[in-house]
Number of protein chains: 2
Amino acid sequence: MAISEKRQLERVKVIKALAHPSRLTMVEKLAEGECCVCDLQKLIGDDISTVSKHLSLLKNAGLVDTDKRGVQVFYSLRVPCVTDFLGCVEKVLSEKNEKSSCSKCK
Amino acid sequence: MAISEKRQLERVKVIKALAHPSRLTMVEKLAEGECCVCDLQKLIGDDISTVSKHLSLLKNAGLVDTDKRGVQVFYSLRVPCVTDFLGCVEKVLSEKNEKSSCSKCK
DNA sequence: ACATTAATTGGCAATTTCGCCAAATAACAA
DNA sequence: TTGTTATTTGGCGAAATTGCCAATTAATGT
């Protein structure tokens, strides 16, 4: 039996949230510990409004949490398994290169 | 040290490939075993050309392999860990619902 | 109250993705 | 060769995503 359309869309929303270079970089950074928006902005280099929008998208997907302390907002990763997630992505990449551009084959 | 821009783009390419309802559904189907394009077309219901394009995108990302036998092309999942990958996505969703719409809280 | 710093939101143009149709290609049978 | 079935490719309009600027909101200090 197929998964409900709605459920699939929720899943896709989570995956989409990770499917952007800046957001992926921020998620990896957050895996090491919480950060304020300003730190993430320095890391990414885009306009702060752009970074903020990326972050709210991540939050909306359920990937991060926020904690406002004073003027700053601290973001933290909600689900640690995202790291394993990336492990799988790396595996796809290594197997891909292994086959398509095998350095041992001439 | 941050991951190279190029590497990050490769990763994103893989994640993006999974970030679509039809493609995600097909990947899950393929996790059970290989399928021809026609079977996947029936599963998804979109025009066959649309399905074919989704599949070539998956292939380009390194997620699936193809095997042409006669007139048909059989697709198969290249990396089994994609299943675990989805496990993490599910975890994100369950924790999300747990907090935002906690049934125990009034 | 006023200024300052941190972050979010609205709006918009540029780019990318999506899905259909029509046409092309490939394998095989008659 | 001709026809048939399976799949891919080209092209195009529609929809979604992206990133900047400007304006707004929020917390704090003077």
Side-chain angles (χ1 to χ4, degrees), chain A residues 5-6 8-27 29-30 33-77 100, chain B residues 5-6 8-27 29-30 33-77 100:
Chain A
E5 187 74 16
K6 187 186 279 185
Q8 201 68 319
L9 285 176
E10 288 181 68
R11 288 171 157 194
V12 163
K13 187 174 175 183
V14 175
I15 301 174
K16 265 190 180 172
L18 294 166
H20 186 285
S22 303
R23 291 196 296 266
L24 193 56
T25 300
M26 290 194 284
V27 164
K29 172 73 174 171
L30 291 175
E34 64 170 17
C35 288
C36 63
V37 181
C38 49
D39 282 343
L40 294 168
Q41 190 276 319
K42 279 171 210 145
L43 177 68
I44 300 299
D46 281 351
D47 191 278
I48 183 104
S49 69
T50 299
V51 172
S52 176
K53 277 180 183 171
H54 281 313
L55 286 168
S56 68
L57 195 153
L58 285 173
K59 184 172 186 184
N60 210 251
L63 283 161
V64 299
D65 257 333
T66 54
D67 180 25
K68 181 155 195 172
R69 297 205 290 275
V71 217
Q72 294 179 308
V73 176
F74 288 86
Y75 279 80
S76 57
L77 196 57
S100 62
Chain B
E5 187 73 17
K6 187 185 279 186
Q8 201 69 318
L9 286 176
E10 288 182 67
R11 288 170 156 195
V12 164
K13 187 174 176 183
V14 175
I15 301 173
K16 265 190 180 172
L18 294 167
H20 186 285
S22 302
R23 291 196 294 265
L24 192 57
T25 300
M26 291 195 284
V27 163
K29 172 73 173 171
L30 291 175
E34 64 169 17
C35 288
C36 64
V37 180
C38 49
D39 283 342
L40 294 168
Q41 190 276 320
K42 279 171 209 145
L43 178 67
I44 300 300
D46 281 351
D47 191 278
I48 184 105
S49 68
T50 300
V51 173
S52 174
K53 276 179 184 173
H54 281 314
L55 286 168
S56 68
L57 195 152
L58 285 173
K59 184 172 185 184
N60 210 250
L63 284 160
V64 300
D65 256 332
T66 55
D67 180 25
K68 181 155 196 173
R69 297 205 289 277
V71 217
Q72 293 180 310
V73 176
F74 289 86
Y75 280 79
S76 58
L77 196 58
S100 63

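What you see below is based on every heavy atom in this structure, not just the backbone, and it leaves out hydrogens, waters and symmetry mates. So that the names make sense, note that chain A is the first sequence line, chain B the second, and so on, each numbered from 1.
- Between B/P21 and A/L9, the closest heavy-atom pair is CG-CD2, 3.6 Å.
- Results of the side-chain contact (heavy atoms from CB on, under 4.5 Å) test with B/K29 over B/L77, B/I44, B/L43, B/D39 single out B/L43 as the only residue that passes.
- Within the 4.5 Å cutoff, side-chain heavy atoms of B/N60 are placed close to those of B/K13.
- For B/H54, counting side-chain heavy atoms from C-beta on, the closest listed nucleotide (D/dA16, C/dG19, D/dT9) is C/dG19.
- Side-chain contact between B/L58 and B/H54 is absent, with no heavy atoms from C-beta onward closer than 4.5 Å.
- A/L40 places its CG atom 12 Å from the C1' atom of C/dA7, with the value rounded to the nearest Å.
- The two residues B/A17 and B/R23 make their nearest non-hydrogen contact at O-NE, 2.7 Å.
- The CD-P distance, from B/Q41 to C/dC20, rounds to 10 Å in whole Å.
- Rounded to an integer number of Å, the gap from A/L58 CG to C/dT8 P is 12 Å.
- When side chains are defined from C-beta on, B/L55 counts as touching B/V51, because their heavy atoms get closer than 4.5 Å.
- C/dA7 atom C1' lies 13 Å from atom CE of A/M26, rounded to whole Å.
- Taking 4.0 angstrom as the limit, B/Y75 places none of its side-chain polar atoms (N or O) nearer than this to OP1 or OP2 of D/dA6.
- Rounded to an integer number of Å, the gap from B/D67 CG to D/dA6 P is 17 Å.
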_Using a 4.0 Å heavy-atom cut-off to protein, can you give one letter per nucleotide of nucleotides 20-30 of chain D, 5' to 3': B if the base is in contact, S if only the sugar-phosphate is, - if neither?_
BBB---SSS--
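- Ranked by how close their nearest DNA chain D nucleotide is to the 5' end, A/A19 and B/S56 are led by B/S56.
- We find that CG of B/L18 is positioned 15 Å from P of C/dT17, with the value rounded to whole Å.
- Under the 3.5 Å distance criterion, with hydrogens and angles disregarded, a donor-acceptor pair is assigned to the side chains of A/Q8 and A/R11.
- At a threshold of 4.0 angstrom between heavy atoms, the contacts of A/F74 with the nucleic acid are absent.
- Remark: P of D/dT7 and CD of B/E34 are 12 Å apart, rounded to the nearest angstrom.
- Atom CG in A/L55 sits roughly 10 Å away from atom P in C/dA7 (whole-Å rounding).
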